[in-house]
Every structure is written in C-alpha cells, then in structure tokens.
Engineer: 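Just dropping this structure here.
In what follows, chains are A, B, ... by sequence order, proteins preceding strands, each numbered from 1.
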There are 2 protein chains.
Amino acid sequence: MTDDDRAGRRAAIMAAAAGCFAADGFHTTSMADIIRASGLSAGAVYSYFRSKEELITAVAGLPLANAEAVFAALPADDAAPSPAEAVAALVQGVVARAADDPALGVDITRLAVQVWGEALRNPEVRGRVSAVYRTLRDHCTEVARRWQAAGNLPPEARPDEVGAAMLGLAQGFLLQRLLLDEATAEGYIAGATAVLAH
Amino acid sequence: MTDDDRAGRRAAIMAAAAGCFAADGFHTTSMADIIRASGLSAGAVYSYFRSKEELITAVAGLPLANAEAVFAALPADDAAPSPAEAVAALVQGVVARAADDPALGVDITRLAVQVWGEALRNPEVRGRVSAVYRTLRDHCTEVARRWQAAGNLPPEARPDEVGAAMLGLAQGFLLQRLLLDEATAEGYIAGATAVLAH
DNA sequence: CACGCTAAAACGAACGCTCGTTCTTGACAA
DNA sequence: TTGTCAAGAACGAGCGTTCGTTTTAGCGTG
C-alpha cells in the first residue's frame, strides 16, 4: 500500500467522521457510527487513528484550515477592499463552504460550531482555535489598515479593533445561518454594509 | 416540603448541572458528575428530573432567558439609542453575565456556546433557540427602526437587516471573548463603534 | 410530653447496556 | 510461504437509570 493510498484512506475516514460529527457532535457520535459510515472495520479505523480523541483533533482542524483559506484571500495583493466588501466576501465564503463540500460531503460550518464547544474543554483544540482565530482577525485588521491608509477610516480608529468587529460580523452570520433558518447572505450583507458604510 | 422548597432544590440541581455543562459540555459530563456536584444522591436528582435529557433541556434555557433579558432592555421606553450604543450595551451585558452569576456560579456565555452545538442536533433545543434568537434580532431591529425614523440611517436601509448585523456583532464578541483571550469589551466596542459610526 | 405510626424524601448499590478499544482470525497479494 | 491488512467478536469500564431500603419530619394518641 503506497503512502498516497494510506493518506487517501485516512482522509476518507476523516470525511466519514466529519459527517457524523457535524450531524451529532463529537461526543454523541460513537466510534461504531464512524466505523459504519466509513464502510471499514473497527480494526481498520484504529490502524489509522490511535483513538477517538485523535480523530476529533484531526477533524477539528478541517473547519479551521477552511476558514484560514477564506480569510487569507481577503487582502489580495495590494488591493484595498472596504470593510463592507471584505465582510461580504467572508459571508459569501461561509455560504460557499456550507454547501456540502464535495470532497467532504459535510456542511463544514456545523463542524465549526462543534469545534467552538470543544475548544472550551479541550486544551489542544482550544490552542489551535485561538491561534487560527488570531490570524483571521489579523487578516481583517490588514483590510482595515489599508482602508485607513486610503483615508476612508478616521485616523483615531484602531485597525485591530475594527478587524475584531469584522471577524465578529462573519462569526455572527455563520451562527445565524445555522440557527435562524431565514437568515440569508444577501440580507446579512446588506445589513452589515449599511452598518459599515460611511 | 413546600412548593418553594421543591423549586429551590430543583434550581440548585440545575445550577450544579450548569456548572458541569459549562465546564465540560452536555455529553461529556456524566450524571455521576452532576450528582456529585449537587451534593445529593442519584435517586434524589432523578426525582426532580426524569432523565439527563430533561436536565439538558432545562439548563439550555438558562442562557436563552438571560439573553432575552439583556436584549429586552435595549429599546428602553421611547429612547432611541444609536446602533453603536446598543451594541455597546449588549457587549457589556455579555461581560456582566459572564462574570460567574452569583445565583448560578457559572459563566453563562460558555453555556451559550454549548447550547449552539446542542441546537444543531436536538430539535427541541433548536426550536427554542431559533424562537429566542428571532426575538433578540427583533429587539435590535427596533433600535434600527427608531434610529432610521430619527433620520440617522439612510431610508433605503432595511432595519431588520441592520438588526441582524447588530445581533451578529454581539454574538461575535461572546465568542471572541471565550476563544481569543485578549478580546476586551472596550476594544470590541471601539471597533464596532468605528464601524457603525456615520 | 412521649411515643409510635405514616408518608415523603433521600440514599446508593446494582443492573443492563453501550462505549472505546484490543486482538485473534482469515484472506489476499507478492 | 510469508507478510500485510482488514474483519469483527470479545472485553472491561463506565454510562444512565432503577428500585429496595433507610432516614427524616410531622401528626395523632394516650
């Protein structure tokens, strides 16, 4: 079995687990659920992941990596989007990733919410979440900084604080889309834009 | 035993459970944990709550009721606070409730995050969460409506959409305070205000 | 006041079941 | 034949829950 084969199988197990975790949370899905979803046997799964906790940690990384990709695309090259445009891009990024990722077959935003809860009790997950979220905020901060440099933000405003608010708007949309059925990207973007427009 | 005694004991069990749930999530705290924390016996706890699920449902209501109280105080009488002032009040409300409630001894915002995760898998919790969050958003919408009526918001802006963004800002702060240690209320309020100021 | 009775409340050992994990077995490829 | 990997039965631990027993509190009676 080649390394690629092994990596592919590992990814398939993670995808199966991600589906279970997104539907039922980390601690109510049983290993039997994951084993069934993966189509493999217990022994096979346990030869790729030493324990359920290792699987949780690995799967928890998926929405974090995804978010990092969306946010990293924000301050593209030397463009200077407005905060409103940036938040719009983030919200659309959330929606795009929420449509079940074909490589994963999961609404990864549901997984993100489970990761938030897990971060409150699992120090390893907590550490990775705060590291990633700090960089997400920094990407937003960079947008605010450029916007300020272009003279569109009062000089006394602090870009890092504006960045935190932008991140908050994106996180709030992720949540509202999942918990308030009628929350739409367009409406939220319009509201955020009205609120961000000067 | 009077009805008040029974209600008090029930509340004490809920407080003990809330502490466990806030620290470890709903599904990794065992009934044994809750029983130990309550200082009662298994039989006593089960005479107040038929099952663990009933206890989860009851405790999940605590942060919802709390949030409703904070948001209901927003559009006080016929005052017309700006969206920025309203968000500042919400953020301060989050912080105030986060300091361990003396009647409960719990950071109720941690519980809120667990409730978000539970809402994704438990239809009863989900229903109550979306009902409550709709009213929270409506309170924000009312603030936006009054602000618009006072001529401070462009006439083409839709108050409900602005309300959703305000709610999102509050939710984002709740999350960042828990997951990004250095998130402060003052900084977030300043950022949100810069973003909301016209 | 003392006593014994009763109902309510709490107790906690015990139960059946499901969990996460291991390990023996067998099948297949080289 | 030998080495590799998946299969899935089996295991002990720990789960949520029950239920027979003990404790407590209050009342009526002598």
Engineer: Checking all strands, does Thr29(A) fall into the base, sugar-phosphate, or nothing category for heavy-atom contacts under 4.0 angstrom?
Structural biologist: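 Sugar-phosphate contact only.
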Engineer: So if I take every side-chain heavy atom of Leu40(A) and compare against dG16(D), dA7(D), dG20(C), which nucleotide ends up nearest?
Structural biologist: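 Side chain of Leu40(A) sits closest to dA7(D).
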Engineer: Looking at Arg9(B), I'd like to know whether one of its side-chain N or O atoms comes within less than 4.0 Å of OP1 or OP2 on dA10(C).
Structural biologist: yes
Engineer: Starting the side chain at C-beta, find the nucleotide from dA9(C), dA6(D), dT18(D) nearest to Tyr46(B).
Structural biologist: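 Of the options given, the side chain of Tyr46(B) lies nearest dT18(D).
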Engineer: Give the nucleotide from the list dG16(D), dA7(D), dG20(C) with an atom nearest to the side chain of Ser30(A).
Structural biologist: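 For the Ser30(A) side chain, the nearest candidate turns out to be dG20(C).
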Engineer: Just how far, in rounded Å, is C1' of dC15(D) from NZ of Lys52(A)?
Structural biologist: 13 Å
Engineer: How long is the line joining CZ of Arg6(B) and C1' of dA10(C), in whole Å?
Structural biologist: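 To the nearest whole Å, that distance equals 11 Å.
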Engineer: Indicate whether OP1 or OP2 belonging to dG16(D) is found under 4.0 Å from a side-chain N or O atom of Ser51(B).
Structural biologist: no
Engineer: Can a donor-acceptor pair be found between the side chains of Glu118(A) and His27(A) at a distance below 3.5 Å?
Structural biologist: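 His27(A) and Glu118(A) do have a side-chain donor-acceptor pair below 3.5 Å.
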Engineer: For dC11(C), does either OP1 or OP2 sit under 4.0 Å from a side-chain N or O belonging to Ser41(B)?
Structural biologist: yes
Engineer: Can you check the Leu55(A) CG to dT21(C) P distance for me, whole Å?
Structural biologist: 10 Å
Engineer: Are there over 12 heavy-atom neighbours, none belonging to Glu54(A), within less than 6.0 Å of that residue's CD?
Structural biologist: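 Yes, because the 6.0 Å sphere around CD of Glu54(A) holds more than 12 heavy atoms from other groups.
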Engineer: Between Ile34(B) (CD1) and dC15(D) (P), how many Å, whole number?
Structural biologist: 11 Å
Engineer: Count the heavy atoms of every other residue, nucleotide or ligand shown that sit under 6.0 Å from CD of Glu182(A), and state whether that count exceeds 12.
Structural biologist: yes
Engineer: Let me know the distance between CZ of Arg10(A) and C1' of dC5(D), rounded to the nearest Å.
Structural biologist: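 Rounded to whole Å, this separation is 17 Å.
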Engineer: Please state how far atom CZ in Phe26(B) lies from atom C1' in dC15(D), giving the value in whole angstrom units.
Structural biologist: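 One finds 18 Å between C1' of dC15(D) and CZ of Phe26(B), rounded.
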Engineer: How close do Ala17(A) and Val59(A) get, heavy atom to heavy atom, and via which atoms?
Structural biologist: CB-CG2, 4.0 Å
Engineer: Rounded to whole angstrom units, what separation is found between the NE2 atom of His27(A) and the P atom of dG20(C)?
Structural biologist: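 For the pair His27(A) NE2 and dG20(C) P, the rounded distance is 10 Å.
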Engineer: Does OP1 or OP2 of dG16(D) have a side-chain N or O of Arg50(B) closer than 4.0 Å?
Structural biologist: no
Engineer: Choosing from dT21(C), dG16(D), dA7(D), which nucleotide comes nearest the side chain of Met31(A)?
Structural biologist: dT21(C)
Engineer: Using modelled atom types only, decide if a donor and an acceptor are shared between the side chain of Gln176(B) and the backbone of Ala164(A) within a distance under 3.5 Å.
Structural biologist: yes
Engineer: Does Ala42(A) or Asp33(A) map to a spot on DNA chain C nearer the 5' end, using the closest nucleotide for each?
Structural biologist: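 Result of the comparison: Asp33(A).
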Engineer: In whole angstroms, how far is the P atom of dT18(D) from the CZ atom of Phe49(B)?
Structural biologist: 15 Å
